[in-house]
Amino acid sequence: MRVVAGRPALLALALLACLVFAACAGHRWAGPLDLVRALAGDPDLGARLLVAWRLPRILAAGLVGALLGLGGAIFQGVFRNPLAEPYLLGSAGGAAIGATIALLVPLGIPSSLALGGLSFAGAWAATLLVLGVAHGARDTAGLLLAGVAVAAMLGAVRSFLMLALSDESVSLQVVLSWTLGGIQTPTWDGLGLLAILVGMALAASLPLARGLDLLGLGADQAAAFGLETGRFLRRAVLVGAFVVAVAVAYGGLVGFVGLIAPHIARWWVGPRHRALLPVSGAIGAGLVLVCDGLARSVLPPAEIPLGLITAAAGGPFFLVLLRRRMRG
Amino acid sequence: MSVLAADNLVVGRDDARTCILDGVSFRAEPGRLVGLIGPNGAGKSTLLRCLAGLAAPEAGTVTLDGRPLAALPAAERGRRIGYLPQSFHPAWDYTVRAVVELGASRAPGAALRVPAALEANGLADLAERPWSRLSGGERARALLAAVLVAEPPVLLADEPGASLDVGHRVDLLRRLTLYARTRTVIVVLHDLERAVRDCDRLVLLDRGRIVLDGTANAVALSPVLDATFGIAFHRVSTRASDVSTLSLRSGSS
């Protein structure tokens, strides 16, 4: 029990280490002492840039990572499959179509509202589509093939929209770099809104814990233990789509974090979702903080898209898991 | 004291030409262990799933104490009807305690009974062991504890000892027999010898219809049993008026 009791402190410490790494990383590395001086109000230009630009950026990265970790845990619970992930199953792709339309089509409503609303609609529709198609698929391969097919279709639609809708007034480059995944430095107001959305996502996710636990026993046993499975799945997909939509709207298409974070969390705190959901969110935050730090510092002064780094790290992880699962 | 009743249940096959259940009517009351028997494909598991509210019949109704099961909220159904499936494969590597706690989560106050349920099923030392590291017998006991911890007034068990060795199977049936003293228990059984020995009442299903329903002895002695399974049973009785052992003789009747 002492180990269990120490886990939140250990997690907070690890998250703090990731935060410090991300704050130090950049094409100009800062030392921990520079951070302390900057936070204490050092008037030096470098210190002010650190507070004004890097700090909101890394906080946004952490929050987006938390959403990815949370979304991954919800998806794996809904699909009862450790290889389910919003990016691989097309849900993030659905959100990306909504976001692409919001970015490229003048809709006459505030862009942040359009981006959020259409991302949510896209993620929700895509998740329902995969859930419907994968309904008869009882094995991992069936589910993944359904997800890959939906993701491929959505990718084609997104590319078509990008080609058809972009003009001189909207840079294709901007949309393209967004789809590769990356955190933009937000305003403090924007960061506040993101923090509120993450809080809402967590508040909506935690009540799903018992239902997700029961679903893990199998659909029949979950129903036998009194879960209204159809209604619960609709609710869980709605919450999952919300989580994915906010993550995509703020961070573009960032794959594999939603796969890796729940795995580490399950290994650490076990499969019960009451602990798994928040811990997966915290681990997702740590992963994106580190990957975003690497994205800003590996090839100075250029910045590598965040999605490329997470895919490079997550792809092999996914293949190892797939191989292990196929071997049974 | 819950009475579970089925009235004229019909469940069709996918080909829409034949029926899995073809007008099954049935009533079970507390105090007697009811065994559902029949050849493969007779519709036993489908009937049990309909009785548990896990499958919806195309026609007919299932009632619990006179209330249609379909109208009961899922939470109440889960609290009042325990269902022990033929096979159980959790997606995650839950510990024994987690599975029993999830079973307890369906009834208020049942969480307090988790330690007693673990103890009663010989699982106290295995409580923190993950599912993947349990033997077949331990898994069966853990699932039974998860189902019974909520003390449902109705228990439906689908071939609960199918994957167990004879010792564990006998132990499981002994527990179900004890539970049936005060509650409604229906169990699907393939082992006819055990069914005759342990059940108070046997219901014989064949091609979606109930062809025989009576005391275990009456069913065991009926020639309908031989006709349904297509073999001649050799009946061994320890007392003149009582059939306590039923053994099979090879060859068709």
Side-chain angles (χ1 to χ4, degrees), chain A residues 1 3-4 73-84 134 136-140 143 207-235 262-263 265-277 280 324-325 328, chain B residues 14 45 48-49 51-56 69-70 72-108 110-111 128-132 139 142-143 146-150 152 154-158:
Chain A
M1 291 302 286
V3 178
V4 174
I74 294 173
F75 267 68
Q76 292 184 9
V78 164
F79 285 93
R80 299 195 294 274
N81 195 311
L83 295 178
R138 298 200 175 275
D139 58 353
T140 299
L143 171 66
L208 299 176
R210 176 177 175 263
L212 292 173
D213 281 348
L214 286 173
L215 267 188
L217 299 175
D220 255 10
Q221 204 56 40
F225 280 170
L227 185 72
E228 194 100 59
T229 47
R231 188 187 294 176
F232 174 77
L233 278 175
R234 285 194 292 277
R235 196 174 121 216
H263 269 88
R266 206 172 285 118
W267 164 77
W268 204 33
V269 294
R272 299 292 294 273
H273 286 83
R274 199 173 51 188
L276 181 73
L277 292 171
S280 181
R324 192 184 291 174
R325 193 156 175 85
Chain B
D14 288 342
S45 293
L48 208 70
R49 285 172 54 76
L51 293 174
L54 300 177
L69 208 55
L72 281 186
E76 186 181 343
R77 180 175 43 75
R79 209 164 40 240
R80 297 185 62 188
I81 301 179
Y83 175 72
L84 205 57
Q86 205 172 71
S87 60
F88 172 68
H89 306 288
W92 315 116
D93 206 7
Y94 291 121
T95 61
V96 171
R97 184 188 302 281
V99 171
V100 179
E101 281 176 353
L102 285 173
S105 72
R106 71 195 200 273
E128 307 309 326
R129 187 170 291 184
W131 197 259
S132 60
R139 287 178 183 185
L143 190 56
V147 173
L148 294 190
V149 70
V154 176
L155 175 64
L156 308 173
D158 190 358

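Protein chains get the first letters and strands the later ones, always in sequence-line order, with residue 1 at the start of each.
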ask   = Do side-chain atoms of B:Arg77 reach the backbone of A:Ala223 as a donor and acceptor pair under 3.5 angstrom?
value = yes
Heavy-atom contact with chain B under 4.5 Å, split by part of A:Leu276 = neither
Residue pair B:Ser105 / A:Arg210: nearest heavy atoms and the distance that separates them = OG-NE, 2.9 Å
ask   = So which of A:Leu217, A:Thr229, A:Leu215 has the biggest tally of heavy-atom pairs under 4.5 Å with chain B?
value = A:Leu217
message = For the CG atom of A:Leu214 and the CZ atom of B:Arg106, what is their distance to the nearest 0.5 Å?
response = 10.0 Å
key: Contacting region of B:Arg80 [heavy-atom separation from chain A under 4.5 Å]   = neither
ask   = Where does B:Leu102 contact chain A at under 4.5 Å (heavy atoms): side chain, backbone, both or neither?
value = both
query = Which region of A:Glu228, side chain (C-beta onward) or backbone (N, CA, C, O), has a non-hydrogen atom less than 4.5 Å from a non-hydrogen atom of chain B, or is it both or neither?
reply = both
query = Taking the side chain from B:Glu76 and the backbone from A:Gly226, do they hold a donor-acceptor pair closer than 3.5 Å?
reply = no
Residues, nucleotides or ligands: over 12 heavy atoms within 6.0 Å of A:Arg274 CZ = no
Please output the side-chain donor-acceptor pairs of residues 88-96 of chain B that fall under 3.5 Å, not counting sequence neighbours, one pair per line with the distance.
{"residue": "B:Asp93", "atom": "OD1", "partner": "B:Trp131", "partner atom": "N", "Å": "3.1"}
{"residue": "B:Asp93", "atom": "OD1", "partner": "B:Ser132", "partner atom": "N", "Å": "2.8"}
{"residue": "B:Asp93", "atom": "OD1", "partner": "B:Ser132", "partner atom": "OG", "Å": "3.3"}
{"residue": "B:Asp93", "atom": "OD2", "partner": "B:Ser132", "partner atom": "OG", "Å": "2.7"}
{"residue": "B:Tyr94", "atom": "OH", "partner": "A:Asp213", "partner atom": "O", "Å": "2.7"}
{"residue": "B:Thr95", "atom": "OG1", "partner": "B:Ala98", "partner atom": "N", "Å": "3.1"}

key: Under 4.5 Å from any heavy atom of chain B - which part of A:Arg266   = side chain
note = Whatever's closer than 4.5 Å to a heavy atom in chain A on B:Ala75 counts as both
remark   = From the list B:Ala74, B:Pro130, B:Gly78, B:Gly103, the residue making the most non-hydrogen contacts under 4.5 Å with chain A is B:Ala74
task = Please flag which part of B:Ala55 lies under 4.5 Å from any non-hydrogen atom of chain A: side chain, backbone, both or neither.
result = neither
